[in-house]
Amino acid sequence: METEFLDSLQTIVRNEGYLEAFFKEERRSDSLFVEILLGKKYLWKAIGTENVPSEFSRSLNPIGKNFNSALVWMQNVVSEAENQGFPFAKMNFGEIVVEGDSIRSNLVFDSGPLILWDSVEVTGNTKTQGKYIQNLTGIIPGSPFSQKQLDQASRQLRRSPYFSLTREPSLSFQIKKARPTFELKDRNTNVLDGIVGLLPNENEPGKMLITGQLDLELYHLGGKGRDVEIHWQRLNLQSQSLDISAKESFLFNSPIDVQLGFNLLKQDTTFLNRYLSLDFGYRISSNSYLNFFSKRQAGDLISTFAFREVTELPDVADFRWNQYGISLHVNSLEDPFIPRRGGLLNLELAAGNKKILQNTGIPDEVYSGIDFNTPQYQIQGSYEKHFFIGPTWGMWFKGSGGLIQNENLLLNDLFRLGGLKTIRGFNENFFYARSFGYLSMEQRLFFGENSFLMVFADAGILENPYFATAIDRPVSFGAGLNLETGSGLFRFIYGVGKSNLQPLQFSYSRIHFGYLARF
């Protein structure tokens, strides 16, 4: 231990330019006393780099600097060579000439053979195809070997929701080819999730209303990153929603992902909203994802009886909105399911033309003077952050906001908020908002790998131009349990909230419980 420490210390002082430094040791009883004799400090007078290829380095100007400056530059050159197909590159000093307190030398660089990537090999308990790993990591057969690319691939595979990397990647070199091998183990990512909600029945005071939600999510089908999701939800007695999407990763082995989506929302007997979307996604880095999308949204009145005598355009109407947009996702979570550290950023911007359709059940004069075709803009985003304070204590924060703008903005255009995934303590999709912002906070007490008790608080500000009091400041609080079982997660959340439309009373509290099974 003493020898290792002294050798390390000697290396440090020599790198600072004290090339003649040595240690004088003396033992006294049971103690060791060491005297450091630095000697003269040497600085660079000249160094030759003619042997070093320019594509691996920048110019070196060590004149007047210590010995370590050249060592750092040499390490950078070797690292750059390793990332351009030369994993066996090395560099040494030629003859070192001492002139007074100055030194000069030449550098001798040996690149070694050019090594190209061979095909990716996947082992372990996984259905993942080697072609998928190749596309995901960018390790393309025939391209130059890169140590940096291999390190990034390792970090990226560890964050995958589809599988886990069970050990460090291995390399085998054969005839100027490098074959990487990744040992993977599939995660239980597929989801069958059912939630039952007990809410006050607004149509029959004193009674409870049972609502429901069903989520079926099938991921990584065929080991190719192919996903299918179906989400159904009964919001109240007469309202339901359906969301279906399918995603194909690396379409025709290109870097582009394609996703199709369909959504339907029936709001009691008032309106029916639906949209069809087409998304193109591209991975700009190991943790950043850029998405370009197109959506056609349609809103139609279910019944026009209440509007047969109106004199101006009502707050709900028939419309079509063709929108085009871009979104950015940046994921630094340490775990895709129950993270304890890291953050997640989502930003989305959309714009397009909205067309108001004339409904024959509404008087014609309502539409006079209306601009039927107007531009509409929408922006929304969220950021969540996880903190792990100690062995059993974690915190979670999430901030979200959004804005939608149009000359003829309708109620069935607005954002829908409230419920388990936004502002808790309220019915699902309880709020309509043209603009909103809210902050969610949780304190978590872990008693297992993915099990914890938590208390939460949500607070926000919403703007609804169709309500008498346009600005609402809802707040909510509550507690819950997330319990990991052998094959899934049991969740129980109790919350109560206050807003302009709901008083702070425990009779309005919300209870959500369900079992999320992964397979």
Side-chain angles (χ1 to χ4, degrees), residues 4 8 56 72 74-91 110-189 219-220 222-225 249-250 253 255 283-289 330-344 386 388 391 449-450 518:
E4 293 177 359
S8 176
F56 300 147
V72 172
M74 293 166 65
Q75 291 171 354
N76 291 335
V77 170
V78 172
S79 295
E80 187 62 32
E82 290 177 342
N83 294 328
Q84 295 190 37
F86 298 93
F88 302 108
K90 58 184 179 180
M91 187 185 303
D110 180 9
S111 68
L114 174 63
I115 304 297
L116 305 179
W117 283 120
D118 201 352
S119 58
V120 170
E121 184 176 353
V122 177
T123 63
N125 184 18
T126 180
K127 60 180 179 292
T128 305
Q129 302 293 315
K131 196 70 174 179
Y132 175 79
I133 298 298
Q134 175 181 303
N135 289 328
L136 182 64
T137 60
I139 297 178
I140 308 300
S143 60
F145 171 89
S146 170
Q147 183 63 45
K148 180 180 179 181
Q149 193 175 32
L150 184 64
D151 295 339
Q152 289 178 340
S154 179
R155 292 192 295 269
Q156 187 172 17
L157 296 181
R158 280 189 167 84
R159 287 200 298 266
S160 173
Y162 300 143
F163 44 74
S164 59
L165 188 64
T166 57
R167 66 176 185 180
E168 289 295 325
S170 61
L171 279 173
S172 61
F173 295 94
Q174 299 175 354
I175 317 177
K176 298 186 179 181
K177 292 289 185 71
R179 170 172 289 185
T181 300
F182 301 98
E183 186 175 301
L184 308 177
K185 181 181 179 182
D186 283 345
R187 299 179 187 266
N188 292 328
T189 55
Y219 293 110
H220 204 34
K224 300 179 179 180
S249 297
F250 304 112
N253 291 319
R283 292 168 181 81
I284 56 179
S285 70
S286 60
N287 64 346
S288 302
Y289 192 79
V330 181
N331 186 344
S332 61
L333 300 177
E334 66 167 3
D335 185 89
F337 300 126
I338 309 292
R340 301 193 184 192
R341 297 181 179 87
L344 179 63
H386 296 258
F388 194 49
E449 184 68 25
N450 294 317
R518 294 192 180 276

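Here Phe173 pairs with Phe88 under the ring pair (Phe, Tyr, Trp, His ring centres under 6.0 Å) rule; sequence neighbours left out. Shown here are the side chain to side chain contact (heavy atoms under 4.5 Å, CB included) partners of Arg187, two or more places apart in sequence or in another chain: Ser164, Thr189, Asp335, Pro336, Phe337. Evaluation of the side chain to side chain donor-acceptor pair (under 3.5 Å) rule for Asn76 yields no partner, not counting sequence neighbours. By the side chain to side chain contact (heavy atoms under 4.5 Å, CB included) test, Ser154 pairs with Arg158, Leu165, Glu168, Pro169, sequence neighbours left out. For Glu121, there are no salt bridge (charged side-chain N to carboxylate O under 4.0 Å, His left out) partners at least two apart in sequence or on another chain. In this structure Asp110 satisfies the salt bridge (charged side-chain N to carboxylate O under 4.0 Å, His left out) test with no other residue, sequence neighbours excluded. Under the side chain to side chain contact (heavy atoms under 4.5 Å, CB included) criterion, Tyr289 pairs with Lys247, Asp257, Arg283, Asn291, His329, not counting sequence neighbours. The salt bridge (charged side-chain N to carboxylate O under 4.0 Å, His left out) test applied to Asp151 returns no partner, not counting sequence neighbours. Remark: Arg159 engages no residue in a salt bridge (charged side-chain N to carboxylate O under 4.0 Å, His left out) (not counting sequence neighbours).
Counting only residues at least two apart or on different chains, the ring pair (Phe, Tyr, Trp, His ring centres under 6.0 Å) pairs with a member in residues 135-156 are Trp117-Phe145.
Side-chain atoms of Ser288 never come within 3.5 Å of backbone atoms of Ser285 as a donor-acceptor pair (strictly under, hydrogens ignored). Side chain of Asn83 to main chain of Lys148: a donor-acceptor pair is present (N/O by atom type, distance under 3.5 Å, no hydrogens or angles). Judged by distance alone, the side chain of His220 and the main-chain N or O of Gly225 form a donor-acceptor pair under 3.5 Å.
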Side chain to side chain contact (heavy atoms under 4.5 Å, CB included) between Phe250 and Lys224, worked out: CA-CA 8 Å; Phe250 304 112; Lys224 300 179 179 180; over 6 Å; no
Intermediate values then yes/no, side chain to side chain contact (heavy atoms under 4.5 Å, CB included), Gln147 and Leu150: CA-CA 5 Å; Gln147 183 63 45; Leu150 184 64; 4.1 Å; yes
Audit row: Asp186, Thr128, side chain to side chain contact (heavy atoms under 4.5 Å, CB included) steps and yes/no: CA-CA 8 Å; Asp186 283 345; Thr128 305; 3.7 Å; yes
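Closest approach of Ala89 and Ala81 over heavy atoms only: CB-CB, 3.7 Å.
Taken to the nearest 0.5 Å, the CE atom of Met91 stands 10.5 Å off from the CD atom of Gln75.
Side-chain atoms of Gln152 and Gln156 form no donor-acceptor pair, as typed in the model, at a separation below 3.5 Å.
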Pairs of donor and acceptor atoms involving the side chains of residues 176-185, under 3.5 Å and at least two apart or interchain, shall be tabulated with distances.
from, atom 1, to, atom 2, distance (Å)
Arg179, NH2, Ser119, OG, 3.3
Glu183, OE1, Arg167, NE, 3.3
Glu183, OE2, Thr166, OG1, 3.0

Could you pull out every donor-acceptor pair under 3.5 Å between side chains of residues 130-138 and any protein atom, sequence neighbours left out?
from, atom 1, to, atom 2, distance (Å)
Asn135, ND2, Lys131, O, 3.2
Asn135, ND2, Asn253, OD1, 3.4
Thr137, OG1, Ile133, O, 2.7
Thr137, OG1, Ile139, N, 3.4

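Using a 4.5 Å heavy-atom threshold, the side chains of Ile115 and Phe86 count as separate. No side-chain heavy atom of His386 sits less than 4.5 Å from a side-chain heavy atom of Arg340.
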